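Along the sequence shown, residues are numbered consecutively beginning with 1. Every number for a ligand or one of its atoms is a count from 1 in the order of the listing. Values in this document were obtained by computation on a predicted structure and should not be read as measured data.
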Amino acid sequence: MSKRQPTLLIVVPLGWAPLWTGPLASAPVRLNVAVHGRDDYRPQDVDYVLSFRPPPGLLKTFSNLKAVFSLGAGVDGFLADPEYPRHVPLVRFVHPQLSIEMAQYVVMHTLIFHRHQDVFDSAQKEHKWRQMMLPRPTDRTRIGILGFGEIGQLAGARLRDLGFPVAGWSRSRKQVDGIESFAGQEEFDAFLARTDILICLLPLTPQTRGILNARTFARLPEGAMVMNVARGGHLNETDLIAALDSGHLAGAVLDVFQSEPLPEDSPLWAHPRVRVTPHIAAISDPAVTVDMVLSGIGRAERGEPLDNVVDVSRGY
Ligand code: NDP
Ligand code: OXD
C-alpha cells in the first residue's frame with residue numbers, strides 16, 4: 001500500500017498565499033498544499049504548517065502535526081499563542097540572505113545617523129552648501145548590539161569593519177574578532193554605558209519584552225541613538241518619545257512597532273528625530289523559504305532531525 005502524501009497547510013493573509021503556493025506548485029515533490037481560509041481540509045490531515053502569526057488556538061486543532069515552519073527568523077508570533085502545541089518542532093527561518101539584508105539595513109541607518117545625512121538632505125532642499133566636520137569621529141562612536149546571534153553578529157562585524165568600536169550583548173559570552181562581548185543581566189548596565197548607538201536584534205521573549213524602556217535609555221550616554229529592528233514589543237514607545245523630547249536621546253530608527261501597521265495617529269510618524277520603516281528591514285525570500293520547507297519535510301518524513309528548531313522553553 002502506498003504511503004499517504006503529506007499535507008502542508010499555509011496560514012497567511014490570503015492575498016499573500018501565491019508567494020509560496022506558486023513555487024510549491026512547480027516543486028517536484030508529492031505534497032498536498034492547502035491554504036487556510038481558501039481551501040477545504042480536514043484538521044487531522046495537516047502534517048506541516050507554514051506561517052508567521054497563526055491565529056491563536058488554530059495549531060492545537062491539528063492532532064497529527066509533525067512540524068511547524070516559520071516564515072521569519074523570529075517565532076514570537078507562534079509562542080504568543082498560549083495553546084501552541086509545544087511538543088511539535090518549530091523551525092525558524094535562518095539564511096545568509098536574510099542576515100545580509102538585516103546587516104545592510106543596520107549599516108545604512110547607522111551611517112545616515114552618524115554622517116548627519118539629514119542635515120545635507122535639508123540643505124539640498126534649500127540649495128545651501130552646508131559643509132561640516134563629523135561631530136563625533138567614527139572610532140569614538142560606540143555601537144552596542146542587543147542580541148548577538150545570527151543577525152547581530154553579522155551586523156556587528158560589518159560595523160566593526162567600517163571602523164566603529166562594537167560590542168554585543170547576549171545571554172552567553174561570545175568570541176568574535178575585534179568585538180567586545182557582554183553577557184547576562186549583570187553586564188547589561190556596563191554595556192549600555194559604553195554605547196552611543198544601540199541596536200536591538202533580540203528575539204521577543206518574556207525576558208526581553210519592554211527592554212527598550214526609560215531605565216535603559218537613562219543608562220545610555222547623552223546623545224545616543226536607538227534602533228529597533230527586532231520586535232515592537234521590545235520598545236516602550238512612550239518612554240522613547242519622552243527620552244527624545246528631553247534631548248537625552250538624539251534619534252531613533254524603528255522598523256517594528258507595538259501595533260503593525262503603525263496607526264496613522266501614532267506620534268512616531270511625525271516625530272522630527274524618528275525614522276519609521278514598515279517592518280521591511282529584511283523579508284524572507286519565498287523561493288528560499290519553499291526550499292527550506294521542502295528540505296525540512298523531506299527530513300521529517302525520513303525520520304531525520306530538523307535544522308534550526310527553536311527551544312520553545314527559551315522562546316527562541
Ligand atoms: P538568534 O536566535 O540567532 O539570536 C538571538 C540573540 O539574542 C542571541 O545572541 C541570544 O543570546 C540573545 N538573547 C536572547 N535572549 C536574551 C536575553 N534574555 N538576554 C540577553 N541576550 C539574549 O536570532 P536572529 O539573530 O536570527 O534574529 C534576531 C531577531 O531579529 C528575531 O528574533 C526577529 O525578532 C528579528 N528580525 C527582524 C526582522 C525585520 O525585518 N525587522 C527580520 C529578521 C529578524 P545567546 O546567543 O546567548 O543565546
Ligand atoms: C523575521 C521578520 O522575524 O521578518 O524574520 O520579522
Quiz item: Which of parallel (below 30°), tilted (30 to 60°) and perpendicular (above 60°) describes Phe69 and Tyr48?
Solution: tilted
Quiz item: Does any donor atom in the side chain of Asn32 or Gln5 lie under 3.5 Å from an acceptor atom in the other side chain?
Solution: yes
Quiz item: Is the backbone of Ala214 close enough, under 3.5 Å, to the side chain of Asp239 for a donor and an acceptor to pair up by distance?
Solution: yes
Quiz item: Is the closest basic N to carboxylate O distance between Arg275 and Asp118 below 4.0 Å?
Solution: no
Note every protein N or O atom lying under 3.5 Å from an N or O atom of ligand 1, pairing the names and giving the distance.
residue, atom, partner, partner atom, Å
ligand 1, 3 (O), Arg92, NH2, 3.0
ligand 1, 3 (O), Glu150, N, 2.9
ligand 1, 9 (O), Phe148, N, 3.1
ligand 1, 9 (O), Phe148, O, 3.2
ligand 1, 9 (O), Gly149, N, 3.2
ligand 1, 11 (O), Arg171, N, 3.3
ligand 1, 21 (N), Arg171, N, 3.2
ligand 1, 25 (O), Glu150, N, 3.4
ligand 1, 25 (O), Ile151, N, 2.9
ligand 1, 26 (O), Arg92, NH1, 2.9
ligand 1, 26 (O), Arg92, NH2, 3.2
ligand 1, 34 (O), Arg231, NH1, 3.3
ligand 1, 40 (O), Ala282, N, 3.3
ligand 1, 40 (O), Ala282, O, 3.1
ligand 1, 41 (N), Val229, O, 3.0
ligand 1, 41 (N), Asp255, OD2, 2.9
ligand 1, 46 (O), Lys174, NZ, 2.6
ligand 1, 47 (O), Arg171, N, 3.1
ligand 1, 47 (O), Ser172, N, 2.6
ligand 1, 47 (O), Ser172, OG, 2.6
ligand 1, 48 (O), Tyr316, OH, 2.6

Quiz item: Can you pull the residues with any heavy atom under 4.0 Å from ligand 2?
Solution: Phe52, Gly72, Ala73, Gly74, Arg231, His279, Ala282
Quiz item: If you measure only the distance, is there a donor-acceptor pair under 3.5 Å linking the side chains of Asp255 and Thr277?
Solution: yes
Quiz item: Distance only, no hydrogens: is a donor on one side chain within 3.5 Å (strictly under) of an acceptor on the other, for His234 and Thr208?
Solution: yes
Quiz item: Could Asp189 and Arg215 be called an ion pair, given the rule that one side-chain N must be under 4.0 Å from one carboxylate O?
Solution: yes
Quiz prompt | Main-chain N/O of Leu268 paired to Ser266 side chain as donor or acceptor, under 3.5 Å | solution = yes
Quiz item: Going by an N to O cut-off under 4.0 Å, is there a salt bridge joining Glu180 and Arg160?
Solution: no
